[in-house]
Protein chains: 2
Amino acid sequence: MAPSTRRADRRQEPLSRERIVGAAVELLDTVGEGGLTFRALSERLATGPGAIYWHVTGKAELLAAATDAVVATIPGGDSDATPQEAIRALALGVFDAIDAHPWVGTQLARTPGQSPMLRIFERIGRHVQALRVPEAAQFTAASALMSYVLGVAGQNAANTRTLQPNTDRTEFLDAVATAWTELDPDQYPFTRNVADQLRNHDDRAEFLAGIDLILTGITAGRQSTG
Amino acid sequence: MAPSTRRADRRQEPLSRERIVGAAVELLDTVGEGGLTFRALSERLATGPGAIYWHVTGKAELLAAATDAVVATIPGGDSDATPQEAIRALALGVFDAIDAHPWVGTQLARTPGQSPMLRIFERIGRHVQALRVPEAAQFTAASALMSYVLGVAGQNAANTRTLQPNTDRTEFLDAVATAWTELDPDQYPFTRNVADQLRNHDDRAEFLAGIDLILTGITAGRQSTG
DNA sequence: ACCTGAACACCGTTCAAGT
DNA sequence: ACCTGAACACCGTTCAAGT
């Protein structure tokens, strides 16, 4: 009841894996991948660096857990939409999650058969099943979608990392388009040619267009059923 | 002519950007991404760490240059094959290059508009043009192919990194398949279901199947021309 | 112009010592 | 059982000093 009690906050909450991972996510979001340091983390948690090792085996596990925490949050497409719409919604969920937490894009590419990727793969796979893709082709279809999503994720993460914190999206695309226009016409004719299409360009729409390309390929190969 | 001349080797060759990048590639291939150290590199080049900074601005540039050196090597598909075959050949070239140098997979994902990626994008794009894809759709088509290739590249690099140096491919896939079979049936029905398809599984064939899916999607959307 | 190598400011991780 | 924080073995990078 004393005013001091009010202010004690969570300062004395016991350390836990949960709190550590939460603080790691915050740190990654705020200061980026280079900012996640055992020293910075322990300072934020008001302990010594060694304390963290009691709850977590090392930095690799910490990054994996942080990634998993974000991926577990991704919504999308479990309603009564068509399989195509469900896949689009899920893919967009991954896209937006990585947009909000660029480090997830980098991290996802680093954890092969691990749980964050498996979560997404499973969800894609169920929708592929719902598309009535023949069983022998389901793995290929789900893998292709997954790889595409990961590829875009990685690129977007890299782009965001390169970006000055203050430049916005269109400004950045404009700079890239200009750079492409100045390329050697003999070496880069195609890239120069599409540079202008880059200028007014919607990342999310472009991403979805790629998904649709793959979906078309998947359903084209499917034997037609009632 | 004296025997000692013979043995002098290249030990006294002056330091150059070229030699540095070459040694970096060797180091990356031999001891992996964690093994590329300015100390290890300078030891291999018989100098001090500071000498390298005279020719290269830092580690980031070094990694980019090493990646570029490998990517510049990728052959493929400039013969008189069909555009589809040319794209498959090029994609396979990237796939094999990353198989031989796993660190390239990681690195490619980190350099967004940089030259190694641009090289590949340009080559894909020309083949997309040859496919007679309408101009407005060319960027989307080339980007989708590029993202897919990068996605697979990243995953493969991650897999190789996780692998014990002595386990071979099929052994690894078997382990993954077994792990997937032991997943919770309620949470991972699809993944469990396709686990067996993983067991006798050809990475390259699967990769190409994904390329074909996208190619089908691209040509399906194309207006038919004589 | 180019190289040397000690020194600086960091890392992740460990571990004896505390409670 | 859990936390502390100094210490260890590394990093990338800089820079005065050499040739």
Side-chain angles (χ1 to χ4, degrees), chain A residues 8-68 103 106-107 110-111 114 158 161-162, chain B residues 8-68 103 106-107 110-111 114 158 161-162:
Chain A
D9 279 348
R10 77 192 85 166
R11 214 184 304 161
Q12 309 295 22
E13 262 182 44
L15 213 49
S16 67
R17 213 186 121 93
E18 219 178 4
R19 269 189 74 211
I20 292 171
V21 173
V25 170
E26 268 180 47
L27 219 42
L28 286 162
D29 286 345
T30 321
V31 266
E33 322 186 41
L36 180 61
T37 283
F38 275 82
R39 273 164 251 263
L41 192 59
S42 64
E43 200 182 340
R44 215 180 173 95
L45 294 165
T47 22
I52 297 168
Y53 283 86
W54 184 261
H55 298 93
V56 145
T57 56
K59 195 171 187 181
E61 192 195 315
L62 189 57
L63 275 165
T67 306
D68 213 24
W103 52 274
T106 318
Q107 207 47 37
R110 313 201 132 243
T111 56
Q114 306 286 20
R161 203 183 304 118
T162 312
Chain B
D9 278 348
R10 77 192 84 168
R11 214 184 305 162
Q12 309 296 21
E13 263 182 42
L15 212 51
S16 67
R17 212 186 121 92
E18 220 178 3
R19 269 190 75 213
I20 292 171
V21 173
V25 170
E26 269 180 46
L27 219 42
L28 286 162
D29 286 344
T30 322
V31 265
E33 322 185 42
L36 180 62
T37 282
F38 275 81
R39 273 164 252 262
L41 192 57
S42 64
E43 199 182 341
R44 215 181 173 96
L45 293 165
T47 23
I52 297 168
Y53 282 87
W54 183 261
H55 298 93
V56 143
T57 56
K59 194 170 188 182
E61 192 196 315
L62 188 57
L63 275 166
T67 306
D68 213 24
W103 51 273
T106 319
Q107 207 47 37
R110 313 201 132 243
T111 56
Q114 307 285 20
R161 202 184 306 120
T162 312

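Chain naming here is simple, since letters A, B, ... match the order of the sequence lines and numbering starts at 1 in each. Bear in mind that the values here come from a model prediction, so they are computed numbers and not experimental data. The basis for the numbers below is simple: all heavy atoms, side chains too, and nothing from hydrogens, waters or symmetry mates.
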Peer 1: Once you round it to whole Å, what is the distance between C1' of C:dC2 and CZ of B:R19?
Peer 2: 14 Å

Peer 1: Answer yes or no: does a side-chain N or O of A:W54 lie under 4.0 Å from OP1 or OP2 of D:dC3?
Peer 2: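 False: A:W54 side-chain N/O out of range (4.0 Å or more) of D:dC3 OP1/OP2.
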
Peer 1: Just name whichever nucleotide pairs with C:dT13, Watson-Crick or G-U, keeping both distances under 3.5 Å, else none.
Peer 2: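 Across all strands, the one nucleotide that pairs with C:dT13 is D:dA7.
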
Peer 1: Whole angstrom is fine here: how far is it from CD1 in A:I52 over to C1' in C:dC11?
Peer 2: 14 Å

Peer 1: Just the rounded figure in Å: distance from P of C:dA9 to CZ of B:F38.
Peer 2: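 To the nearest whole Å, that distance equals 20 Å.
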
Peer 1: More than 12 foreign heavy atoms under 6.0 Å from CD of B:E61: is that the case here?
Peer 2: yes

Peer 1: What is the distance, rounded to the nearest whole Å, between atom NZ of B:K59 and atom P of C:dC10?
Peer 2: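 So the two atoms are 18 Å apart, to the nearest Å.
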
Peer 1: Rounded to whole angstrom units, what separation is found between the CZ atom of B:R39 and the C1' atom of D:dG12?
Peer 2: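 Rounded to the whole Å, the gap is 7 Å.
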
Peer 1: A:T37 near the nucleic acid: base, sugar-phosphate alone, or nothing, with a heavy-atom cut-off under 4.0 Å?
Peer 2: sugar-phosphate

Peer 1: Could you state the CD1-P distance from A:I20 to D:dC2, rounded to the nearest angstrom?
Peer 2: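 Value for this atom pair: 12 Å.
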
Peer 1: Taking the minimum atom-to-atom distance to the side chain of A:A51, which one of C:dT13, C:dC3, D:dC3 wins?
Peer 2: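 Of the candidates, D:dC3 comes closest.
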
Peer 1: Any side-chain to backbone donor/acceptor pair from A:S16 onto A:R19? Under 3.5 Å, distance only.
Peer 2: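 Judged by distance alone, yes, a pair lies under 3.5 Å.
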
Peer 1: How long is the gap from CD on B:E26 to CG on B:L36, to the nearest 0.5 Å?
Peer 2: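 The CD atom of B:E26 sits 12.0 Å away from the CG atom of B:L36.
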
Peer 1: Side-chain contact test, heavy atoms from C-beta onward, threshold under 4.5 Å: evaluate it for B:L28 versus B:L63 and give yes or no.
Peer 2: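 Side-chain contact under 4.5 Å: yes.
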
Peer 1: Please state how far atom CG in B:L15 lies from atom C1' in C:dC3, giving the value in whole angstrom units.
Peer 2: 8 Å

Peer 1: Can you confirm whether more than 12 heavy atoms, excluding those of A:E33, are under 6.0 Å from its CD atom?
Peer 2: yes

Peer 1: Between C:dT13, D:dC3, C:dC3, which one does the side chain of B:H55 approach most closely?
Peer 2: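 My answer, after comparing the listed nucleotides, is C:dC3.
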
Peer 1: Please state how far atom CG in A:L62 lies from atom P in C:dG12, giving the value in whole angstrom units.
Peer 2: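 It is 10 Å, rounded to the nearest whole Å.
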
Peer 1: Is there a Watson-Crick or G-U wobble partner for C:dC2 with both distances under 3.5 Å, and which nucleotide is it?
Peer 2: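 Pairing partner, where one exists within any strand: D:dG18.
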
Peer 1: Using a 4.0 Å heavy-atom cut-off, does B:L36 contact any base of the nucleic acid, only the sugar-phosphate backbone, or nothing at all?
Peer 2: sugar-phosphate

